[in-house]
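Below: the structure, in structure tokens.
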Amino acid sequence: MTAADRGAVAGRWRPVIAVAVTAVVMASLWFGHAPPRSAAAYARQAAQTVGYLRSQTQTARLWVDAVATAATTHQAASIALEEVEADATATAGRFAGWDPPPGADPVRDTVTGLGEEVTRTLGALRIAAHRDQWAACRDWRSHCPISLSGWAPLRTASPRRPGHEAQTRHAVRLHARHPLGHRRLHRHR
Amino acid sequence: MLFGFTLGTLSAIGGFIDIGDLVADALVGARFGLRLAWVTVLAVIGIMCYAEMSARIALKTRRPAFDLARSRLGPRYALGGLIGSFLVTALLVMAELSGIALALQLASGVHYLLWVPIAAVLVFIVIWTLPFEATERIYGLLGLAMLVFVVAVWHLNPDWSRMWASATTVAPTSGESWPAYLFFAITLIGAQMTPYEMFFFSSGAIESRWRPKDLTEMRVNVIVGFPLGGLLAIAIQAVAFLVFFDAGIQVEHISQTVLPVALALGKVGLAIALVGVFAATFGATLETLFSTGYDLAQYFGWAYGEVQPPARATRFTTTITALLLLSTALALTTLNPITVTIYAVVFSSVLLPFAFLPVLLVGNDKRVMGELANGRLSNTVGTITLLLSIVVSAAAIPLLILTKAGAS
Amino acid sequence: MTDHESLRFTLLDQQLVDADDRPVGRVDDVLLELPDDGGPPKVVAVLTGAQALGERMGGLTGDVMASVASRMRSGEHRGEPVAIPASLIGDHADLVKLTVALDDLPQAAGLERWLAHHLVEGLPGAGDARD
Amino acid sequence: MGRVHDLRITRRPDQDGRPRGLFVAGLAVGGGRLAHAWGFAERRATGPWLLRMMTARAARAARYLPADRIVGWGPEVIRVRSDGADLPRLLDVVEP
């Protein structure tokens, strides 16, 4: 019984298997964390970063709207705004930490600029929420870096809405230089 | 009869919805709409089959299904499965504890890291003092609060034809890749077909002292409980779809899971949803801890169980306490619970065949099961589910790496 | 009608319980002895505990398991796995039932007793380890 | 002749008819590992179909080797009187 359970193959191949597994694990860790080196990869990351920033801004907007319609407690909304700001800071910081490949400096300027704007706005929002100045929060849309106008939150299920173009303003700017960026930005449609 | 019925049903729902579902369903709904709802349907059918099988084994032998697993897998493979599930559970309990703490944070405004140790102490007290049945009943009942997600779907006035179109499409949404789509399909399977649901449903059958004559009652529980859990899961996907999809919002926090309910039903809805999240994560913490304790105790033949006072099952109690401490420490590292959940459910899906195969074999063992051995339906669905789980298990890690855990 | 059964399904790896149905451990290995008269081998004892299991499995995992388990034990018999004489085995099928109580097997479940005595017993609400 | 996959044990009564202990009645020899591990070689299970089909050939190949035909019991090698061909199939020996 014992011999049968032990299996015959294991012994000789064990070191080979161990090395192979380690190599695959190391490679995949690197794959997960390697900075984008090519212009295309950088543009993809740029588009993804803008997508995240937009997602975070939109989330903040939903919470502010919810407070405005008394649909949520102030505690829950403040917590959510803190989370959103922290996420945006992390998203923007991650992108800013990558060196742009040759010729991608304009992309970096656009996206890091947007990141700074978004984090500043969300930070102001968080402070206003902590001070319980919810009325001020409601006005923030007008100077929000990512346009939110024309986006009716609920009760509209149609995929094509007026104002959609405005949402992807930055996408279009990226598109002018990097077609890939444009494609990635439309992932959420 | 009625009482036993509700108890089992609650256990089925409570077992189904946990942090994995709260995270994965909202994430998937926001990114893919209802285009992965079919995965939930498959997962419900698969888990119903195996939960019924393991409960039937428990009725017949009065021992949990996995008790007989070691002689089928052999000690080596069983040990591999055991170590794997121990690690996955540590991650999962960490995520569940964070889920409890995040629900309390949203309700109170106090930072979640302060709630983590409190949640852990609360869990420990419940393990130590309350009998199994009482705990199961309490969080099962509270878990019904999750039905608020189903109500929210209607209050969001959805375009039903668009929902249907999304639910009947098997393809990624535009801009998403196939690997990402498949990766999230696996995530959903890992979140919804969890081995501990089987453990728990079958242990519940033992602790409620069901006998072979209660077969019908047990089956009714399976047929009602698990589809209800699946309905809740699809409801979470649906509200995330309705609120987040068009806005291009990615789900990164538990607060976003409950946000649609607040938008649809206001503060009351939010409060009920938070109670539901609390109950689901709290119950799941107990369930995952216990199933790992059972797992280990059964492998080595230790005394186990909630029916015995802790001193009669000291190794069992010590193990789950140690696991709880480990998970609390993990939770306090401020690792993002959502990320940890995704990894945990993916690794859990890797281990699925190890959980399914022995149950299928014992269910067919005529010398153990006698007239309660598997019928044709159990075997057909069981075999298909097993094959599916093998495919999922093989594909999970490559897809995890390829999609960078769903990031692209 | 066969009068013999599979060792694999009715003894090895199965749950051991004492006369009062309290869990003792698993049948982690089986000790066979070849009688001098040349008859078939006889099951002398069943071995239980992580040490027996580790020695049976072998390999790195098994060795580690066995040595850890052996270090955790105390008394004159440390170094040998816990053996329960075959004469104490009652019924065996998917459960192996002993004809004695757990308390009469001082070797078995040592960790359980140690933890009960040193760690758990002192805490409130633990119940009594000995009844 | 093949690998030993299982032992068949029996309780042999002594002269007074009291059970005297567990003895090895014979060996289960040959056939695949999985056929034995999954219980198909000794007719414990008849399903599921797919697993049975996977192991059917191996299960038919498994033989029962009674202890009285064994000449030498070694730790690695077991010597047998008679060749393998006339051994009964395990499937035919065990109860249906």
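Below, chain A is the first sequence line, B the second, and so on; all start at residue 1. The structure presented is a predicted model; accordingly, all values stated were derived computationally and were not measured.
Trp63(A) is listed as a side-chain neighbour of Ser255(B), based on a closest heavy-atom distance under 4.5 Å.
Counting heavy-atom pairs closer than 4.5 Å to chain A, the top-ranked of the candidates Leu270(B), Leu259(B), Leu265(B) is Leu259(B).
Contacts between Ser78(A) and chain B at a heavy-atom distance below 4.5 Å are absent for every atom of the residue. No part of Ala271(B) comes within reach of chain A, as not one of its non-hydrogen atoms sits under 4.5 angstrom from that chain. With a 4.5 angstrom heavy-atom cutoff, Glu252(B) touches chain A only via side-chain atoms.
With hydrogens and angles ignored, the 3.5 Å screen pairs no side-chain donor or acceptor of Arg126(A) with any backbone N or O of Leu81(A).
Ring pair Tyr343(B)/Phe347(B) is tilted by interplanar angle, where 30° to 60° counts as tilted.
Inspection of the Trp115(B) and Ser108(B) side chains reveals an N or O donor paired with an N or O acceptor under 3.5 Å.
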